[in-house]
Amino acid sequence: MASTTENAVIEICELTKKYGSKKAVDNISLSVKRGEVLGFLGPNGAGKSTTMNILTGYISATSGKALVDGTDVLEDPKTVKTKIGYLPENPPLYFDMTVLEYLNFVYELKKVTLSRKKHIEEIMKTVKIDGVADRMIKNLSKGYKQRVGLAQALIGNPEVLILDEPTVGLDPKQIIEIRDVIKVLGKDRTVILSTHILQEVTAVCDRVAIINHGKLIAMDSLKNLSARFGEKGMYLIRALGTKSAVKELLESIEGLKSIRYISSTEPDTVDFKIAFKDGLDLRKRIFEVFASANLPILEFKSLDLTLEEIFIKVTNDENLAQVAAKNNEKGAAEDESNI
Ligand code: ADP
Ligand code: MG
């Protein structure tokens, strides 16, 4: 397997799940490092829950392999369940129990040996439900029910947390609260969370795996994805002045790799796309040069893509072939307008 095996706590290798002739998960391979927070991002029906259900030992795969902390999920789902805290799409709550009764019940179910009272109290504090310990679960708001779901996942102090759409159905305030809790949890645990909400990934994840139609179509940090699918190191600059004056000035600056004119929609201004030579950041210098030449810069922005743009680009079926090609063409050819 890949050389990342050593610090990987989760390894998925060529995993496939078929329902009849339909592939819900189609040959997915990925690994998650210890301590990492990975976002599974994909539209409804992409195969996120199915992948998570296999990883947590709740359903079997048609083929492929999944390891959690070295244990094969398909061979030994029981052991894997003790290593993972799982928050399924619909948390298995018992509505007629109080929060405390329920967490005690889960504690027994999981056959945990940690000091019971202390452990449960700590978890309730972490997910901020200590104030509702004696309330019936059925009387809690959706946001609180979700926290109780998180609490049950934390019983037994598992190192890996798998959270399936943890903020679905919550209001904006509750979403922010749950995200904050997940950020805290992610500090000393490995977390995989699924979502179809782009901001969620930006808000909490170190890396993102984009899944569509059961296939893994991209997996990287947000920064790298943005650079890979966007125009790496490219900036758009809009200045007040003539095309020739701005071009001449840009050409006088050392360290630019390319300069390309684009017409501007704003009167008396010109737009240029520029790129710095590798490793250089000339933004400050450019501002100074333009200011002293009396050609004010009105806009200066990176052309890296937002996650939203990446997502649209990679989940658009027509673009899939291109994406695959782009994945393979490391060290792409230089732009023809390079200087
Ligand atoms: P996601 O969680 O990304 O929304 P799922 O993993 O739930 O996606 O589903 C992936 C695909 O597999 C969907 O097309 C779904 O209809 C199908 N699917 C999921 N579970 C079953 C099942 N038990 N039987 C048949 N098809 C299923
Ligand atoms: Mg799902």
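Counting begins at 1 with the first residue of the sequence. Every heavy atom of this structure was used, including side-chain atoms; hydrogens, water molecules and symmetry mates were not. Indexing begins at 1, ligand by ligand and atom by atom, following the structure's order.
When distances from atom 4 (O) of ligand 1 to the protein are checked, a heavy atom turns up under 4.0 Å. Within the 4.0 angstrom cut-off, atom 11 (C) of ligand 1 has one or more protein heavy-atom neighbours.
Look at Gly47 and you'll find a heavy atom under 4.0 Å from some atom of ligand 1. Using a 4.0 Å cutoff on heavy atoms, Pro43 counts as a contact of ligand 1. In this structure, Lys22 is part of the shell of residues with a heavy atom less than 4.0 angstrom from ligand 1.
The side chain to side chain contact (heavy atoms under 4.5 Å, CB included) with Ile178 is formed by just one residue from the set Glu200, Lys183, Lys173, Gln146; it is Gln146. The only member of Lys83, Arg34, Arg189 that meets salt bridge (charged side-chain N to carboxylate O under 4.0 Å, His left out) when paired with Glu159 is Arg34.
Between the side chain of Lys110 and the backbone N or O of Gln152 there is at least one donor-acceptor pair closer than 3.5 Å.
In terms of protein heavy-atom proximity, atom 19 (C) of ligand 1 is closest to Tyr19 CE1, 3.6 Å. Here the protein heavy atom with the shortest distance to atom 13 (C) of ligand 1 is Gly45 O, 3.7 Å.
Taking the Mg ion (ligand 2) as the apex, the angle formed with OG of Ser49 and OE2 of Glu89 is 100°, to the nearest 10 degrees.
Taking all atoms of both residues into account, the shortest heavy-atom contact from Asp26 to Thr16 is C-OG1, 4.0 Å. Heavy-atom minimum distance, Leu15 versus Ala61: CD1-CB, 3.7 Å.
Checked by distance only, ligand 1 and Thr50 come closer than 3.5 Å through their nitrogen or oxygen atoms.
Between Tyr235 and Phe272, the distance from one ring center to the other does not fall under 6.0 angstrom.
Geometric assessment of Lys81 against the ring of Tyr58 yields a positive cation-pi assignment under the 6.0 Å and 45° thresholds.
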